[in-house]
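Notes follow the structure.
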Amino acid sequence: MTKPVILTGDRTTGPLHIGHFAGSLRNRLRFQDSHEQFLLLADTQALTDNAHDPDKVRRSVIEVALDYLAIGIDPAKTTICLQSGLPALAELSMLYLNFVTVSRLERNPTIKDEIRARGFGRDIPAGFLCYPAAQAGDITAFKATVVPVGEDQTALIEQTNEIVRRINATAGKTILPEAQAVIPQFGRLPGVDGKAKMSKSSGNAIALSASPEAISAAVKAMFTDPTHLRIEDPGQVEGNVVFACLDAFDEDPATLEEMKAQYQRGGLGDGRIKRRLDDILQALIGPIRTRRAELAEDHAYVLDVIRSGTEKARSRTEVTKREVVEGLGLFVL
Ligand code: ATP
Ligand code: MG
């Protein structure tokens, strides 16, 4: 029986962090066996809001690949591939741009939010505005039917499926499957500064490659409840980043619930919850960091993983592109 195809990936804008681990990476470890999984090192997408720093985007390709391998992504099961090495993705997006209007792109709620968050104003890079069509290119090129996305990203999958329906209708047959958004159980990890989202670009993340000292420093400075001044004061669990991280990584939920109750009643200090989190994160990140350092020594191996994954993905995506070009009735040489 053929396994369902899953496409996920990350923008190559910096090393991955514990938010990625909680929200996506650990699910990908499971999907390796149940699905045919493609992981896209999304460098061209990273460029849509990092055109001023292509060097960072290039360097981060290796960083992200190292993170994948260090957490246990197995290149024999999962195909790790580089977006800019797959021309079919770009060609499909160019075709799709004729099946979507500018006003539809502007109305996309995910895009609207991100334009606001990035402060583009009227100066929106065209590549950024068009990235839903680029994402449709990515997803359909692999004929992925399963696409894990954050809750705020479902509008992008809807846009992909609109394009899929138009292409199929024009072709008069089903060339492309519709994709289904899968929303991970664990939502979004807040930043260490208390901001709603930990993100590479906001400088509020704990990297999966962080040193023991960096982990401790980040936990020590972590946002808790500013009104919880003395140990005996009642404290807030909601909006408290230490508890958000414990929710994500503490494997003893019964003790965690007791700690939350005690914190809310009063009598549990920030020092104690932070020590617990520090221990948990050191235990999580320690082996990843060690493995990552070993892999970083073997640059040729990492390059080979990316190169061979990209070659495999290239033949797959070229077939889809040809089917779409033919299906649309264009001239095929
Ligand atoms: P950037 O700041 O460059 O946008 P990022 O940290 O937001 O980087 P992305 O590469 O944009 O990371 O995110 C890839 C995927 O990782 C997201 O779709 C989401 O599933 C997951 N992810 C990212 N940040 C978090 C987070 N804080 N909590 C849970 N999941 C996250
Ligand atoms: Mg992001």
Side-chain angles (χ1 to χ4, degrees), residues 6-31 37-61 63-68 71 73 80 82-83 110-111 113-120 125 127-128 131-132 134-135 138-139 144 146-157 160 179 181-210 218 222-223 239 241 243-249 281 284:
I6 189 163
L7 177 71
T8 67
D10 297 278
R11 293 146 44 81
T12 58
T13 51
L16 301 181
H17 51 68
I18 58 172
H20 294 112
F21 193 82
S24 57
L25 296 176
R26 59 183 169 190
N27 292 334
R28 295 179 192 170
L29 291 174
R30 288 207 317 271
F31 287 132
Q37 180 163 250
F38 291 90
L39 281 190
L40 196 61
L41 296 161
D43 58 342
T44 44
Q45 207 218 92
L47 214 56
T48 61
D49 60 340
N50 285 280
H52 56 283
D53 198 357
D55 194 47
K56 175 180 84 179
V57 172
R58 182 181 48 77
R59 275 184 285 112
S60 303
V61 168
E63 297 288 334
V64 175
L66 281 173
D67 286 324
Y68 288 166
I71 64 146
I73 293 293
I80 299 175
L82 181 66
Q83 194 176 29
T110 307
I111 292 292
D113 287 350
E114 293 192 357
I115 285 172
R116 209 174 304 125
R118 283 170 171 76
F120 285 142
F128 189 88
Y131 104 69
Q135 206 158 45
D138 301 342
I139 295 168
V146 184
V147 185
V149 288
E151 216 157 341
D152 52 334
Q153 305 262 308
T154 50
L156 291 171
I157 307 301
T160 291
V182 178
I183 298 165
Q185 248 179 345
F186 183 86
R188 171 181 277 201
L189 199 69
V192 293
D193 54 358
K195 283 217 189 84
K197 184 175 178 286
M198 180 175 286
S199 111
K200 307 184 205 101
S201 315
S202 307
N204 63 1
I206 299 179
L208 290 172
S209 45
M222 205 170 253
F223 182 86
V241 183
F243 279 110
C245 290
L246 287 171
D247 276 335
F249 302 113
L281 291 182
L284 173 78

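As the structure lists them, so they are numbered: ligands from 1, and atoms in each ligand from 1.
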Original post:
Any side-chain heavy atom of Leu41 sitting closer than 4.5 Å to one from Asp10?
Top reply: no
Subject >> Distance-only N or O hit between ligand 1 and Phe186, under 3.5 Å >> reply: no
**OP:** Give the atoms of ligand 1, by number and element, whose distance to some non-hydrogen atom of Gly23 is under 4.0 Å.
**Re:** 29 (C), 30 (N)
Original post:
With distance as the sole test, does Gln135 use its side chain to make a donor-acceptor pair with the main-chain N or O of Leu156 at under 3.5 Å?
Top reply: no
**OP:** Return the orientation label for the Phe120 and Phe128 ring planes: parallel under 30°, perpendicular over 60°, tilted otherwise.
**Re:** perpendicular
Original post:
Which ligand 1 atoms are under 4.0 Å away from a heavy-atom of Gly187?
Top reply: 29 (C)
**OP:** Mark yes or no for whether Asp43, through its side chain, and Arg58, through its backbone, hold a donor-acceptor pair below 3.5 Å.
**Re:** no
**OP:** Using heavy-atom distances, let me know which of Leu189, Leu156, Asp10, Thr13 sits nearest atom 28 (N) of ligand 1.
**Re:** Leu189
Original post:
Okay, side chain of Glu151, backbone of Gly187: is any donor-acceptor separation there less than 3.5 Å?
Top reply: no
Original post:
Considering Lys200, Glu151, Arg118, which one's heavy-atom position lies nearest to atom 6 (O) of ligand 1?
Top reply: Lys200
Subject >> Test item: Cys245 and Met222 side chains (from C-beta on) under 4.5 Å apart, heavy atoms >> reply: yes
**OP:** Answer yes or no: is there a donor N or O on one side and an acceptor on the other, between the side chain of Asn204 and the main chain of Ser199, under 3.5 Å?
**Re:** yes
**OP:** Report yes or no: does Gln153 have a heavy atom closer than 4.0 Å to ligand 1?
**Re:** no
Subject >> Per-atom contacts, ligand 1 versus Ser24 - under 4.0 Å to a heavy atom >> reply: 16 (O), 21 (C)
Original post:
What about Gly19: any of its N or O atoms under 3.5 Å from an N or O on ligand 1?
Top reply: yes
Original post:
Which atom names give the shortest non-hydrogen contact between Lys56 and Ser60, and what distance separates them?
Top reply: O-OG, 2.6 Å
Subject >> ligand 1 contacted by Pro190 (non-hydrogen, < 4.0 Å) >> reply: no
Original post:
Which atoms from ligand 1 have a heavy atom of Ser201 less than 4.0 Å away?
Top reply: 1 (P), 2 (O), 3 (O)
Subject >> Which of the ligand 1 atoms, numbered from 1, are nearer than 4.0 Å to a heavy atom of Arg188 >> reply: 28 (N), 29 (C)
Original post:
So is Ser202 polar-close to ligand 1, meaning N/O to N/O under 3.5 Å?
Top reply: no
Original post:
Any idea which atoms of ligand 1 are less than 4.0 Å away from a heavy-atom of Ser199?
Top reply: 2 (O), 6 (O), 7 (O)
**OP:** Grab the two heavy atoms, one from Val149 and one from Pro184, that are nearest each other, plus how far apart they are.
**Re:** O-CD, 3.2 Å
**OP:** Taking only heavy atoms of Arg11 into account, list the atoms of ligand 1 that are under 4.0 Å away from them.
**Re:** 1 (P), 3 (O), 4 (O), 10 (O), 11 (O)
